[in-house]
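This report refers to the structure that appears directly beneath it.
Just so it is clear, the model here is predicted, and its values are computed rather than measured. We name chains A, B, ... by the order of the sequence lines, and we start the count at 1 in each one.
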Number of protein chains: 2
Amino acid sequence: MTEVTDALAQQVWDFVYAHDAAYDRAAQTAGLSAAQACLLEHLAGDGRAMGDLAEELLCDASNVTQLVSRLEARGLVARVPDPTDRRIKRVSITTAGRRVRRTVRQAFEFPSERLGLLTEQEQRQLSELLAKVLAPDRPLG
Amino acid sequence: MTEVTDALAQQVWDFVYAHDAAYDRAAQTAGLSAAQACLLEHLAGDGRAMGDLAEELLCDASNVTQLVSRLEARGLVARVPDPTDRRIKRVSITTAGRRVRRTVRQAFEFPSERLGLLTEQEQRQLSELLAKVLAPDRPLG
DNA sequence: TATTGTTATACTCTATAACTATA
DNA sequence: TATAGTTATAGAGTATAACAATA
């Protein structure tokens with residue numbers, strides 16, 4: 001463990017803040033909240049069970065219910081019953097949802113406009129540093 | 001502008017996520033939301049005007065009113081009228097507020113436990129990379 | 001008239017607890 | 001009985017618009 005300067009901690013804070021703000025703006029471009037955009041990102045091909053989404057998003061199932069309800073009301077996702085277990089509902093993204101998701105991705109300029117300021121070598125450096133910082137001792141958060 | 005790989009963007013995402021989650025937890029340790037803790041961090045010696053806080057926190061003034069009201073109800077801040085302009089109210093942190101703020105700072109283990117995984121040289125490297133990424137072309141976000 | 005802060009209102013995120021349907 | 005999802009409810013963050021007090 002090395003001592004960490006306040007200056008570095010502050011830089012990291014600013015970086016994180018800029019990233020968060022950029023994602024918020026990107027989502028807003030498509031009329032979504034960050035939480036809604038994030039949920040769309042977690043929808044793979046044939047649909048995810050509500051419970052799985054709650055686990056992946058690290059939030060309560062009742063929260064997923066509401067997020068999905070709002071997205072469904074706008075036609076961006078659909079609840080499809082699971083054929084093998086009628087308790088389960090799978091959330092699948094619609095064509096309109098894919099379009100909106102693409103909009104968010106394209107509007108999220110942080111990676112290209114910020115990380116893109118680094119040379120290839122610097123990007124590799126950053127990647128190695130982040131890998132060290134995020135050493136897989138804890139799964140998340 | 002260099003092309004940015006999805007892998008790096010994902011690493012950055014995970015890093016940001018871990019930082020956010022760690023701060024949420026730290027604030028919760030003191031019974032605060034992240035927004036409340038953040039506001040406490042912006043309170044300097046003699047108190048900040050509500051409007052200045054709104055600018056620094058990049059949010060609406062009415063939002064600051066509510067955040068401050070909740071903190072005031074818990075005795076962590078106080079509204080003191082400005083002697084020179086009676087429209088202005090300055091928000092100052094109380095002794096209890098300082099104590100709580102210290103609790104949050106100590107509970108925020110991300111800098112020491114995560115950035116501390118890097119050697120001094122690596123920390124300097126990271127600092128230089130972040131400085132490049134956050135080149136001061138835009139003020140914030 | 002312009003500015004500072006508040007109030008009223010509304011929407012979203014989030015969680016807990018109680019509930020329904022299914023297994 | 002246990003599980004998947006929903007509903008009811010509540011508190012917090014946030015913004016817009018209307019408002020009061022002061023400059």
Exercise. State whether the distance check finds a donor on one side and an acceptor on the other, under 3.5 Å, for side chain Q66(A) versus base dT14(C).
Key: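 Yes.
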
Self-check item: Polar side-chain contact S62(B)-dT16(D) base: donor and acceptor under 3.5 Å
Solution: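 Between dT16(D) and S62(B), which were checked side chain against base, a qualifying N/O pair under 3.5 Å is present.
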
From [atom1] of [X] over to [atom2] of [N], roughly how many Å is that when rounded to an integer?
X      : N       : atom1 : atom2 : value
L53(A) : dT6(D)  : CG    : C1'   : 15 Å
D60(A) : dG11(D) : CG    : P     : 17 Å
L32(B) : dG13(D) : CG    : P     : 9 Å
L58(B) : dG13(D) : CG    : C1'   : 15 Å
L39(A) : dC13(C) : CG    : C1'   : 12 Å
D85(A) : dA2(D)  : CG    : P     : 17 Å
N63(A) : dG5(D)  : CG    : C1'   : 13 Å
D24(B) : dA15(C) : CG    : C1'   : 14 Å

Quiz prompt | Most 5' of A61(A) and R87(A) on DNA chain D, judged by nearest nucleotide | solution =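 Looking at DNA chain D, the more 5' nearest nucleotide goes with R87(A).
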
Self-check item: DNA chain C: 5'-proximal contact among G51(B) and T84(A) (nearest heavy atom)
Solution: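 Result of the comparison: G51(B).
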
Quiz item: Are there more than 12 heavy atoms of other residues, nucleotides or ligands under 6.0 Å from atom CD of Q28(A)?
Solution: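 Atom CD in Q28(A) is not crowded, with 12 or fewer foreign heavy atoms closer than 6.0 Å.
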
Practice problem: Please assess V91(A) against L71(A) for the test side-chain contact (heavy atoms from CB on, under 4.5 Å), listing each intermediate value before the final yes or no. | Solution: CA-CA 10 Å; V91(A) 185; L71(A) 291 170; over 6 Å; no

Quiz item: For residues R79(A) and S69(A), is any side-chain donor paired with an opposing acceptor at under 3.5 Å?
Solution: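 A pair is found: one side chain offers a donor N or O, the other an acceptor, under 3.5 Å apart.
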
Exercise. Tell me yes or no: between the side chains of E120(B) and T2(A), is some donor less than 3.5 Å from an acceptor?
Key: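 Checked: E120(B)/T2(A) side chains show no N/O donor-acceptor pair below 3.5 Å.
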
Quiz prompt | Given dT4(C), dT14(C), dA12(D), the nucleotide with the shortest approach to the side chain of A35(A) | solution =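 Closest nucleotide to the A35(A) side chain: dT14(C).
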
Quiz item: Side chain of T65(A): nearest nucleotide among dG13(D), dT6(D), dT4(C)?
Solution: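 Of all the options, the side chain of T65(A) is nearest to dT6(D).
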
Self-check item: Touch class at under 4.0 angstrom, heavy-atom based, for R79(A) against every strand present
Solution: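 It contacts sugar-phosphate atoms only.
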
Quiz item: Are K89(B) and dT6(C) close enough that a side-chain N or O sits under 4.0 Å from OP1 or OP2?
Solution: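 Result: yes.
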
Practice problem: Ignoring backbone atoms, test whether R86(B) places a side-chain nitrogen or oxygen under 4.0 Å from the OP1 or OP2 oxygen of dA23(D). | Solution: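 Yes, such a contact exists.
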
Practice problem: Flag the pair F108(B) / H19(B) as yes when their ring centroid distance falls below 6.0 Å, and as no otherwise. | Solution: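 They qualify: ring centres under 6.0 Å apart.
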
